[in-house]
Amino acid sequence: LVGRLIFGGFFVMMGFMHGMKMSQMAQYAASKKVPLSSLAVLGTGILFVFGGLGVILGIFVSWAVAAIVLNLAGISVIMHPFWSVSDPQQKMMEQTQFLKNAALLGAALTLLAVAEPWAFSLF
């Protein structure tokens, strides 16, 4: 349960950050050539909140994990393409963010191996 609170809470918090810092995140996304960047930031924020709450509450687990996985896979490739960055410091920063997302992606996929219903789930 503690692990679910930490892991799911991370995504809930990130989702709310997408909403609270929408303008700045949309500008950054636009700089990465993301079309409809404001809508993309809002959409990814909603998916993160849904995914995080699903993990915390132990409900709609497959859908919650799918939301997290799709978000992380897309964001990692689009927002952190370290392989196309020439500046060494920028490349290192992008690679670190990419690898962090890859680790979170792996952890999310691991949740699918846990038999449902989870202990301490709402349903």
Side-chain angles (χ1 to χ4, degrees):
L1 180 60
V2 172
R4 283 174 31 204
L5 290 170
I6 293 169
F7 189 73
F10 170 83
F11 291 106
V12 170
M13 196 167 188
M14 289 306 297
F16 281 119
M17 292 296 291
H18 277 64
M20 293 181 338
K21 305 228 181 238
M22 171 90 74
S23 177
Q24 295 143 320
M25 292 182 119
Q27 287 176 356
Y28 182 65
S31 77
K32 298 283 189 162
K33 309 286 189 255
V34 173
L36 303 169
S37 59
S38 292
L39 188 58
V41 169
L42 178 64
T44 55
I46 290 168
L47 287 174
F48 276 149
V49 170
F50 170 76
L53 287 175
V55 168
I56 290 169
L57 301 174
I59 58 174
F60 308 115
V61 174
S62 296
W63 289 103
V65 169
I68 291 169
V69 166
L70 290 173
N71 248 358
L72 288 174
I75 288 169
S76 299
V77 173
I78 294 168
M79 299 301 291
H80 305 297
F82 66 92
W83 53 88
S84 66
V85 177
S86 57
D87 176 63
Q89 285 185 312
Q90 183 70 22
K91 183 178 191 113
M92 184 173 62
M93 187 182 81
E94 295 294 354
Q95 187 174 28
T96 299
Q97 292 300 315
F98 183 91
L99 292 173
K100 179 232 356 152
N101 284 356
L104 290 168
L105 182 77
L109 289 170
T110 302
L111 294 175
L112 295 175
V114 178
E116 292 181 56
W118 290 353
F120 307 108
S121 294
L122 276 188
F123 302 108

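Heavy-atom basis, side chains included; hydrogens, waters and symmetry copies ignored. All residue numbers refer to positions in the sequence shown, counting from 1.
- When hydrophobic side chains of Ile, Leu, Val, Met, Phe, Trp and Tyr are connected at separations under 4.5 Å, Met20 ends up clustered with Met17.
- Cluster annotation: Leu122 is connected to Phe120 through the hydrophobic network of ILVMFWY side chains, with a link wherever side-chain heavy atoms come within less than 4.5 Å.
- Residue Leu36 is found in a hydrophobic cluster whose other members, listed by chain and number, are Leu39; membership requires side-chain heavy atoms under 4.5 Å apart, directly or through intermediates.
- Closest non-hydrogen pair, Arg4 versus Ala119, comes out as NH1-O, 2.5 Å.
- In the hydrophobic cluster analysis, where Ile, Leu, Val, Met, Phe, Trp and Tyr join through side-chain heavy atoms closer than 4.5 angstrom, Val12 is grouped apart from Ile46.
- Atoms OG and NE2, on Ser38 and His18 in that order, are 12.0 Å from each other to the nearest 0.5 Å.
- Environment of CE in Met13: sparse, with no more than 12 heavy atoms of neighbouring residues, nucleotides or ligands closer than 6.0 Å.
- One finds the CD atom of Gln95 at 7.5 Å from the NZ atom of Lys91 (value rounded to the nearest 0.5 Å).
- For Leu70, the side-chain contact (heavy atoms from CB on, under 4.5 Å) test picks out no residue, with sequence neighbours left out.
- Side chains of Ser62 and Glu116 form a contact here, defined as non-hydrogen atoms less than 4.5 Å apart.
- Ser76 meets the side chain to side chain donor-acceptor pair (under 3.5 Å) test with Asn101; sequence neighbours excluded.
- Contact annotation: the side chain of Pro81 approaches that of Lys32 to within less than 4.5 Å [non-hydrogen atoms, C-beta and beyond].
- Met92 and Leu99 fall into different hydrophobic clusters, where Ile, Leu, Val, Met, Phe, Trp and Tyr side chains are chained together by heavy-atom contacts under 4.5 Å.
- In this structure, Leu112 belongs to a hydrophobic cluster whose other members, linked by side-chain heavy atoms under 4.5 Å apart, are Phe7, Phe10, Phe11, Met14, Tyr28, Val34, Phe48, Val55, Val61, Val65, Ile68, Val69, Leu72, Ile75, Ile78, Met79, Leu104, Leu105, Leu109, Leu111, Val114, Trp118.
- In this structure, Phe50 has its ring center at least 6.0 angstrom away from the ring center of Trp63.
- By the neighbour-count criterion of 12 heavy atoms within 6.0 Å, atom CZ of Phe82 is densely surrounded, having more than that number from other residues, nucleotides or ligands.
- Taking Ile, Leu, Val, Met, Phe, Trp and Tyr as members and joining any whose side-chain heavy atoms lie under 4.5 Å apart, directly or through other members, Leu47 forms no hydrophobic cluster with any other residue.
- When all heavy atoms of Pro35 and Ala40 are compared, the closest pair comes out as O-CB, 4.3 Å.
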